[in-house]
Amino acid sequence: QVQLVESGGGSVQAGGSLRLSCVTSAYTASKAWFRQAPGKEREGVAAIYSGGTTSYADSVKGRFTISQDNVKNTLYLQMNSLKSEDTAMYYCAAGDGRTYHVNGKLIIRDTSFDYWGQGTQVTVSS
């Protein structure tokens with residue numbers, strides 16, 4: 001069992017930045033950030049795989065960056081140019097590296113990840 005603990009959430013004005021962190025109790029081949037806003041389905045935001053391959057939701061491309069420090073077993077999500085629609089609970093997830101593709105595009109799907117953190121709230125005010 002892998003434990004994940006997120007931190008770094010908070011309240012920020014539109015246009016601002018936040019960096020989320022997720023400490024994992026062990027190395028895993030894939031990690032991702034998901035988010036869920038009230039009344040909406042959980043959405044895959046960004047994922048990173050062994051070898052450094054990354055994937056992003058179209059809504060955050062160019063604004064968010066996922067990275068990891070394998071020595072510290074820590075996953076990061078740098079979020080810039082935040083918008084009110086980024087407001088959500090953000091969850092860290094870890095998996096064994098399996099991926100899901102649709103028409104050749106890598107999709108960040110929650111069923112590809114086995115371990116989940118408790119979440120950290122991000123609120124962006126306009």
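For reference, positions follow the sequence shown, starting with 1.
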*Pair N80-F64, side-chain contact (heavy atoms from CB on, under 4.5 Å): steps then yes or no*: CA-CA 6 Å; N80 298 328; F64 290 11; over 6 Å; no
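- Partners of E85 according to the salt bridge (charged side-chain N to carboxylate O under 4.0 Å, His left out) rule, which considers only residues two or more places apart in sequence or in another chain, do not exist here.
- Under a 3.5 Å cut-off, the side chain of S126 and the backbone N or O of A14 do not form any donor-acceptor pair.
- Following chains of ILVMFWY side-chain contacts shorter than 4.5 Å, one cannot reach I66 starting from L4, and the two form parts of different hydrophobic clusters.
- Within the 4.5 Å cutoff, the side chain of T28 has heavy atoms near those of the V2 side chain.
- Here the straight-line distance linking atom CD1 of I108 with atom CZ of F113 works out to 7.0 Å at 0.5 Å rounding.
- Between the side chains of T74 and D69, no donor N or O sits under 3.5 Å from an acceptor N or O.
- Nearest heavy atom pair, residue A57 against residue G44, reads CB-O, 3.3 Å.
- K61 has a carboxylate O that lies under 4.0 Å from a charged side-chain N of D58, or vice versa, which qualifies the two as a salt bridge.
- Atom-to-atom distance recorded for Y115:OH and D96:CG is 8.0 Å, nearest 0.5 angstrom.
- For W116 and F34, the ring centers are positioned less than 6.0 Å apart.
- A donor-acceptor pair is defined here as one N or O able to donate and one able to accept, closer than 3.5 Å; no such pair exists between the side chain of T123 and the backbone of S11.
- For the residue pair V124 and T87, the shortest heavy atom distance occurs at N-OG1, 2.9 Å.
- Contacts of D110 classified as salt bridge (charged side-chain N to carboxylate O under 4.0 Å, His left out), with partners at least two apart in sequence or in another chain: R42.
- Under the 4.5 Å side-chain heavy-atom criterion for ILVMFWY residues, no single connected hydrophobic cluster contains both Y91 and I48.
- No side-chain heavy atom of T24 sits under 4.5 Å from any side-chain heavy atom of L75.
- The closest side-chain heavy-atom distance from Q36 to E43 is not below 4.5 Å.
- In this structure, A46 and L77 approach most closely via the heavy-atom pair CB-CD1, 4.1 Å.
- Tracing side-chain contacts under 4.5 Å through hydrophobic residues (I, L, V, M, F, W, Y), one never reaches Y90 starting from Y76; they form parts of separate clusters.
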*Begin from the C-alpha positions of S59 and R35 and carry the test side-chain contact (heavy atoms from CB on, under 4.5 Å) through to its verdict.*
CA-CA 12 Å; S59 58; R35 67 185 180 188; 3.4 Å; yes
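- Of the possible donor and acceptor atoms, one in the side chain of E6 sits under 3.5 Å from a partner among the backbone N and O of G119.
- Here the shortest heavy-atom pairing between V122 and M79 reads CG2-CE, 3.8 Å.
- Residue Q121 comes nearest to M89 through the heavy atom pair N-SD, 3.5 Å, listed as atom of the first residue, atom of the second, then distance.
- Taking CD of Q118 as the reference point, atom SG of C92 lies at 11.5 Å (rounded to 0.5 Å).
- R98 places a side-chain N or O within 3.5 Å of a backbone atom of T111 that can act as its donor or acceptor partner.
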